[in-house]
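As structure tokens, the structure follows; a few thoughts come after it.
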Amino acid sequence: MTVLAAAQLAGIALLGRKPGSLFSTDQFGLELGQLATEAASAIAQYYDWQKLKKLKTYAGDGSTIAFDLPPDYDRMLKKGYIHSQMWRTRNFRKAVDEDEWLLLQDINLAGTPGVWIILGGQMQFFPALPATETARHYYISNLIVGTGDGQPGSKATFTADGDNFVLSERLLKLALIWRWRAQKRLEYSEDMTNYEIALAEEVAKDRGSKVLIVGPERYPSDTSAPYPGTLG
């Protein structure tokens with residue numbers, strides 16, 4: 001389903017008419033087109049959707065500290081780690097803030113395998129990744145728009161009526177309905193509730209089933225030693 005088709009379904013529910021285009025001079029179509037971009041971005045930001053997850057790797061050379069982020073980088077996963085190829089059971093620790101980042105370098109203190117922070121649009125590590133090290137993490141791509149139904153995302157915003165949303169078009173339609181009514185200062189609480197119910201259903205489907213573990217977990221997967229390294 002194209003973004004225009006989703007907007008036309010929303011248009012029928014709102015005013016009983018279909019916009020001919022979202023990028024022409026039709027006021028109703030232009031309004032839905034603008035809201036479609038806002039709604040699609042909000043849906044993508046809400047959850048770590050499987051379709052938007054990508055893997056990024058950084059190969060160490062013993063001296064490089066800063067690495068460019070992927071061109072389509074939007075954000076890190078809400079719960080994600082940067083993994084070490086050398087230290088399979090330990091992850092890089094995120095610096096609390098820029099002040100701690102500077103302090104660790106000033107006193108030359110870092111745990112194993114190291115610390116990371118995003119500065120100036122770059123992923124930075126301290127100490128520099130050794131030549132035998134590869135850091136890996138998943139991130140959320142900003143390519144939420146495809147150029148044809150069923151095609152993977154290739155751009156970040158809608159620019160043509162034939163574009164498609166790589167996530168749920170039903171969610172996009174429901175989002176357009178409540179957002180348009182809210183914009184016009186009309187009653188939209190029921191429409192927003194319908195959207196939120198559908199959003200929860202899509203998240204549940206995307207997350208999939210979870211494995212049930214019986215008995216206590218010996219070593220939680222998201223923990224590490226308080227200071228797994230040496231002072232120097």
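Sorted by first and then second residue, the pairs that involve residues 9-21 and meet side-chain hydrogen bond (donor to acceptor under 3.5 Å, both in side chains), not counting sequence neighbours, are Ser21-Asp161. For residues 174-187, every residue pair satisfying the side-chain hydrogen bond (donor to acceptor under 3.5 Å, both in side chains) rule, not counting sequence neighbours, is listed here: Glu31-Trp180, Glu31-Lys184, Arg181-Asp191, Glu187-Ser189.
Of the inter-residue distances, the one linking Leu186 atom CG with Leu14 atom CG reads 9.0 Å to the nearest 0.5 angstrom. Separation of atoms NE2 (His83) and OG1 (Thr89) is listed at 11.5 Å; rounding is to 0.5 Å. A distance of 6.0 Å separates CG of Leu104 from CZ of Arg93, quoted to the nearest 0.5 Å.
With salt bridges taken as basic N to acidic carboxylate O contacts below 4.0 Å, none links Lys56 and Asp68. Of the charged side-chain nitrogens involved, none lies within less than 4.0 Å of a carboxylate oxygen, so that Lys51 and Asp206 do not count as a salt-bridged pair.
The hydrophobic cluster analysis finds Leu102 isolated: no Ile, Leu, Val, Met, Phe, Trp or Tyr side chain comes under 4.5 Å of it, directly or through other members.
Legend: residues meeting ring pair (Phe, Tyr, Trp, His ring centres under 6.0 Å) with Trp49, ordered by chain and number and at least two apart, are Tyr47. Residues passing the ring pair (Phe, Tyr, Trp, His ring centres under 6.0 Å) test with Phe165, sequence neighbours excluded: none. Glu202 is linked by a salt bridge (charged side-chain N to carboxylate O under 4.0 Å, His left out) to Lys205, counting only residues two or more places apart in sequence or in another chain.
Annotation: side chain of Leu9 is in contact with side chain of Met1 (closest heavy-atom distance under 4.5 Å).
The ring of Tyr81 has its center no closer than 6.0 angstrom to the ring center of Phe92.
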